[in-house]
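To start, the structure under review is shown below, and the notes come after it.
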Amino acid sequence: MYIPSLNVTLQTLNIILRMRYNFNDIEAKWQKYWSENQTFKAENLSDKPKFYVLDMFPYPSGAGLHVGHPLGYIASDIYARYKRHKGFNVLHPQGYDSFGLPAEQYAIQTGQHPAKTTKENIKTYRRQLDQIGFSFDWSREVRTSDPNYYKWTQWIFIQLFDSYYCKDANQARPISELVEVFGIEGNFRINAAADDDVEIFTAEAWKDYSDKQQHEVLAKYRLTFLSDTEVNWCPQLGTVLANDEIVNGVSERGGYPVVRKKMKQWSMRITAYAQRLLDGLETIDWPQPLKDSQTNWIGRSQGAMVSFNVNGHDEKIDVFTTRPDTIFGVSFMTLAPEHELVSKIVTDTQKEKINSYIEATAKRSERERMADVKTISGEFTGAYAKHPFNGKKIPIWIGDYVLASYGTGAVMAVPCGDQRDYDFAKHFDIEIPNIFQDIDISEHACEDKSAVIANSDFISGMTAKKAIKRIIFELEAKGIGSGKINYRLRDAVFSRQRYWGEPFPVYYKDGMPQMIDAKYLPIRLPEVEKYLPTEDGKPPLGNATNWAWCTETNQIVDNNRVNGTTIFPLELNTMPGWAGSSWYFNRYMDANNTEVIASKEALDYWQDVDLYIGGSEHATGHLLYSRFWQKFLFDKGVVPVDEYAKKLINQGMILGTSAFVYRWDFKNVDESGKAKKIIFVGKDLMEKIIKERSSIENSKGIFDSEHFDLLNSSLEKNNASKNKWSQFVPIHADVSLVNASNELDVEGFKNHPLNKDYKDAEFILENGKYIVGREVEKMSKSKYNVVNPDDICADYGADTLRLYEMFLGPLEQAKPWNTAGITGVHGFLKKLWKLYHSGENDTFYVDSSPLGKSDGALKTLHKTIKKVDEDIANFSFNTSVSSFMIAVNELTAQKCNKREILEPLAVLISPYAPHIAEELWNKLGNEESVSIAKFPIFEAKYLVESTKTYPISFNGKMRFIMELSLDLSKEEIEKEVMDNERTKQQLAGRTPKKVIVVPGKIVNIVG
RNA sequence: GCUCGGAUGGUGGAAUUGGUAGACACGUUGGACUUAAAAUCCAAUGGACAGUAAUGUCCGUGCGGGUUCAAGUCCCGCUCCGAGUACCA
């Protein structure tokens, strides 16, 4: 058959189609092959060295993936594939952080069970991930919402409950050890992380305690414990939020207001690990900014505790200070309004004022207090404290600049040494004694630690460093204080009033929490009618009818059977989102184990994550909590290392490039006030109009007559001022309607389901085109700038997507996505394909005959190997892609078709573009997957040069180049250059002052 | 306020230890092929000035100084943008 319009026979057309780079077929074929052959299944025992590459697992949201999500996965996949080529046994797993709020809110709205929507979302995610060709070992998939997984999250919770932190051993120890010691000698020698209010008791007292009392005492030591905590309560979400779930005083999710509220909550004693979390940072290769934010979050400050006696009371005020050396500069004290001593020490005359101040501050929301840092307020209690060294009377004030939640909620105010104290003193006209030698404090406080201290008894003449030591020594000698390290880090609230989270393995007996024996785990989430809190304000699990624990059958039973003797109510809270993600990296090592979280053999073999890639937004959440749990599990001997990720990389966010059309709102209305026509103008025209708007006559030239008449008549009708006749409203246009040249598909826009209002709008074209405006913003559905990887894969293929995401720029940097550039990398892949299809009618052909040593292709190949090796080591994937392009451009120019070059080239490129590499590798006659082929070895001998093109510069400015042998000595180079005709021309008879010759680099002639 | 990043053509971005600034792409312009479009291929492309031209000169990495034979890179002082954090005693 002959097709006249195509000028070819069907037979040749067939050949052409078959030999073309048909990425859709190739990619589907190899994805199927990898899946069927389990190409990327990692073995837990191997002679090869291990390498563990981990991604932060995704939350499977209903919206699916956009092109920003896979960025980190592509980078880690390249690394994982590269390591396989280099002979490592690579563990590269993936899973889902599948508990969470969005599924629950969707359930509240639609009544659909979160388990169902989560499952559906996971299916979409899996399809999207598969089509990008990741080398994940899916046999190890984890889902945090799977009972077989959260069984172990519950197990870890029980371990935490049964442990305390021994500061002497500097590790977590079984709570049973504590009980034993209490029974022998009480707690006076115990050095453990505990609540501040633990009282000292004897063994006799301990034995006399009731069960309940003992329980309460132990709770003060446990690593997870119930307590009345002031929490961030979000009424709209009906739940408690952690500090890192609040952004700018409102909830991160939804942006709802948050209030402080006291509630009985589970807490995690992460503060016990504060110092180790800090120290551990030194041992891991994580980005410095991330380490910095963890360091700041932990907020260690070294100082001293000092006790001040209150005159006329038995009470003492304890303060924490980082500058005990300034104690002789104390002229007042300030307590937080919430401080418990306030009501005890306030004098009758001041009582009224104090109470109204406390009331006023309590009313002010946290947000107001934050926004209003400048206003100074406070009130005098009427009471005085006694200075511990000179016995002076110190007035005691309250003020809301002192926070109840930090330190002791009280400060010793040294106005000459602290700006806040200074401002407070000035405002209330309190004395500001100067304790610094030759320092002027008439304008502001002196916070410089190098200032010499004066008027301070035995520390006068010292600087801070020395004075602090001396003061602490004196305080300890007098028994009124001691050196102390304080942390900003708070214990982490661990209860959430949500449905879609891990249930606690806890029931309540006489109001005291009891752990369910680990052998009955998992405690499965109960079914509920509604996912909302109950009418009496209980969490959603309060809706469950089958939610009680029978201690005889060890089963969950009907609530009605609760009898307080054998059957008890179960915990109604669930665990927070970070519970499941705090240990999942260990589970991947042995994901299907039913006996333990992972077998000892697997944990010992894989040890830790060699490379972890994910976003920096988890710096003070997941990445801190998971380090905490890892340290705990290490203390318990469950895992072999106490830092789980040796190296971490933060991938930058991919931003969207939004497109805008401009609605032209001039007084375009008829008599009834109805808009006659909606008109859109392009970006350039809008700018022109704005420039010319001073005079309508000027604009005559920039419109066709029809639009000018319309404009003119409507202006006349409305008597609009000619200076205000135009106004433009930018409207987001869907980016999929805009091409690479910023040209809008106008018909597409009008027919877009979201633009119903603009169906009959008119678009003023310029040169037949409508050009949109562009702006870079966060990628989001509401901005119509989301680009779906599915479309890219369909149109250009997964290999193109992978390469392009890497080509966009450095991995760690935020960068805008612009689909326009994708044709560049796609064209590159076509060129690569062509290189292997130099036969007749573009059929596959490689020349297997050996090539000469001096062949330029070898140089190209080895130059590229070297670059790719270096780039992967530096996580500089963008420059690898350029070097591939350079290589292919060079080899194409050389018309290279040699197997000796093309075979290693396919391996070289396979981590980046695995599908095309497999196909070419297969066509080259290899039976096995390219993914296990040996990576080409760089050989320096192919890059040895005999000459160098020297830039010859005069006074630092490059003027011309000269090709010179590399064998030449400095002197010989100088002679060659000076003898050169062009040098003489440049010098124009002058004698140079100096000639700098750097062999192999540059020649610079000065003078 | 504090801490940490960053600033290079029209755009995304290259540039080992200071040593030819703008690799590689996109976009734009011109050309080839085509009835046309797409695809493909070729050429030009930081700015200014001079020249018919080959070419040459000057200016150029946010701003102002400095070190150096030589600075995008090092030092000092700013400006702007982004992220985190915030009365932490």
Side-chain angles (χ1 to χ4, degrees), chain A residues 7 243-244 247 287-297 299-301 303 319-323 326 333-334 336 369-370 372-376 399-403 405-414 417-421 423-424 486-489 616-617 619-620 650 652-653 657 740-742 774 776 803-804 807-810 812-825 827-828 830-831 834 870 874 876 878-886 889 949-961 992-998 1000-1007:
Chain A
N7 217 11
N243 284 335
D244 55 278
V247 178
Q288 196 55 45
L290 196 150
K291 287 189 187 182
D292 288 345
S293 63
Q294 289 209 349
T295 305
N296 292 337
W297 192 260
R300 181 188 203 266
S301 55
V319 301
F320 173 74
T321 175
T322 53
R323 293 293 302 275
T326 62
M333 303 188 76
T334 317
R369 258 168 91 164
M370 262 166 61
D372 186 23
V373 180
K374 290 267 136 47
T375 320
I376 294 161
D400 69 359
Y401 80 97
V402 177
L403 302 176
S405 58
Y406 182 77
T408 60
V411 300
M412 59 173 226
V414 183
D418 182 287
Q419 193 57 44
R420 289 157 305 172
D421 295 345
D423 295 340
F424 194 87
N486 218 16
Y487 298 93
R488 198 188 75 112
L489 184 71
S616 58
E617 67 273 18
T620 52
N650 288 131
M653 205 188 349
T657 313
S741 312
N742 293 336
R774 290 288 204 174
V776 171
L803 282 173
Y804 188 55
F807 189 61
L808 277 178
E812 300 187 58
Q813 188 181 304
K815 49 209 168 274
W817 175 272
N818 190 344
T819 307
I822 205 161
T823 54
V825 286
F828 154 73
K830 285 198 223 169
K831 270 195 211 164
K834 261 193 180 166
E870 287 168 359
N874 297 325
S876 174
N878 54 327
T879 49
S880 287
V881 180
S882 336
S883 63
F884 288 139
M885 289 174 172
I886 294 168
N889 288 345
T949 311
Y950 280 92
I952 312 299
S953 44
F954 292 79
N955 296 319
K957 279 176 193 154
M958 204 278 285
R959 286 298 177 230
F960 61 91
I961 50 171
K993 279 190 208 133
K994 210 183 198 180
V995 178
I996 312 272
V997 177
V998 185
K1001 284 248 162 86
I1002 198 167
V1003 177
N1004 190 17
I1005 297 161
V1006 188

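So that the names make sense, note that chain A is the first sequence line, chain B the second, and so on, each numbered from 1. Only this structure's heavy atoms are used, side chains among them; waters, hydrogens and symmetry mates stay out.
- Between B:A25 and A:Asn889, a contact under 4.0 Å exists linking OP1 or OP2 to a side-chain N or O.
- A donor-acceptor contact under 3.5 Å is formed by the side chain of A:Lys1001 with the base of B:U17.
- Side-chain proximity of A:Asp292 to the nucleotides B:U3, B:U40, B:A89 is greatest for B:U3.
- Nucleotides B:G60 and B:U20 are separated by 15 Å at their C1' atoms, to the nearest Å.
- Taking atom P in both B:G30 and B:A37, the straight-line distance is 13 Å, to the nearest Å.
- Spacing between atom CG of A:Asp418 and atom C1' of B:C87 amounts to 10 Å, rounded to whole angstrom units.
- You'll find that the side chain of A:Thr620 is closest to B:U85, out of B:A89, B:C4, B:U85.
- For the pair A:Asn296 CG and B:C2 C1', the computed distance is 9 Å after rounding to whole Å.
- In terms of position along RNA chain B, the nucleotide closest to A:Pro951 lies nearer the 5' end than the nucleotide closest to the other residue of the pair A:Pro951 and A:Val1006.
- A heavy-atom distance below 4.5 Å is not found between the side chains of A:Lys1001 and A:Tyr950.
- In this structure, the NZ atom of A:Lys831 is 10 Å from the P atom of B:C24, given to the nearest Å.
- Rounded to whole angstrom, the span from the NZ atom of A:Lys994 across to the P atom of B:C69 amounts to 5 Å.
- Distance, A:Phe960 CZ to B:G19 C1': 16 Å, rounded to whole Å.
- Look at A:Asn878 and you'll find a side-chain N or O under 4.0 angstrom from OP1 or OP2 of B:A14.
- Residues A:Tyr401 and A:Ile376 are not in side-chain contact: their nearest non-hydrogen atoms beyond the backbone lie 4.5 Å or more apart.
- Considering only side-chain N and O atoms, A:Arg420 lies under 4.0 angstrom from the phosphate OP1 or OP2 of B:C88.
- Remark: aromatic rings of A:Trp297 and A:Tyr487 are distant, center separation not under 6.0 Å.
- Here B:U57 is the nucleotide among B:C4, B:C69, B:U57 with the atom lying nearest to any side-chain atom of A:Arg959.
- For the pair A:Phe954/A:Pro992, no side-chain contact is recorded, criterion being any heavy-atom separation below 4.5 Å from C-beta on.
- Look at B:G84: its glycosidic torsion is beyond 90° from 0, and that puts it in the anti range.
- For B:A48 and B:U11, the P atoms lie 15 Å apart once the distance is rounded to whole Å.
- The side-chain heavy atoms of A:Val881 and A:Val825, taken from C-beta on, include a pair separated by under 4.5 Å.
- In the set B:G19, B:U20, B:G13, B:G19 carries the atom at the smallest distance from any side-chain atom of A:Asn1004.
- Checking the phosphate oxygens (OP1, OP2) of B:U40, a side-chain nitrogen or oxygen of A:Lys830 falls inside 4.0 Å.
- Contact check for A:Ile1002 versus A:Ser953: side-chain heavy atoms found under the 4.5 Å cut-off.
- Look at the C1' atom in both B:C41 and B:U34: the space between them is 13 Å, to the nearest Å.
- For the P atom pair drawn from B:C81 and B:U28, the interatomic distance equals 32 Å after rounding to whole Å.
- Rounded to the nearest Å, the gap between the C1' atom of B:C26 and that of B:U79 is 31 Å.
- Proximity of A:Asn878 to A:Phe807: side-chain heavy atoms (C-beta onward) are nowhere separated by under 4.5 Å.
- Whole-Å rounding puts the A:Ile996 CD1 to B:A70 C1' distance at 8 Å.
- Contact check, A:Gln813 against B:G13: a side-chain N or O comes under 4.0 Å of OP1 or OP2.
- Listed nucleotides: B:U40, B:G19, B:A89. Nearest to the side chain of A:Val402: B:A89.
- The nucleotide whose nearest atom lies closest to any side-chain atom of A:Met885 is, among B:A25, B:C69, B:U85, B:A25.
- Look at the P atom in both B:G72 and B:C78: the space between them is 23 Å, to the nearest Å.
- The side chain of A:Arg300 places no N or O atom within less than 4.0 Å of a non-bridging phosphate oxygen (OP1 or OP2) of B:C88.
- Considering only side-chain atoms of A:Pro816, the nucleotide from B:U20, B:A89, B:G13 that sits closest is B:G13.
- Between A:Val411 and A:Met333, the closest side-chain pair of non-hydrogen atoms is not below 4.5 Å.
- The separation between A:Arg323 atom CZ and B:C88 atom C1' is 15 Å, rounded to whole Å.
- Closest approach to the A:Ile1002 side chain among B:A21, B:G13, B:G19 is made by B:G19 (side chain taken as heavy atoms from C-beta onward).
- Taking 4.0 angstrom as the limit, A:Ser293 places none of its side-chain polar atoms (N or O) nearer than this to OP1 or OP2 of B:U3.
- Of the candidate nucleotides B:A89, B:A70, B:U85, B:U85 has the atom lying nearest to any side-chain atom of A:Arg488.
- The shortest distance between the side-chain N/O atoms of A:Lys957 and the OP1/OP2 oxygens of B:C59 is below 4.0 Å.
- Atom CZ in A:Phe807 sits about 11 Å away from atom P in B:G13, given to the nearest Å.
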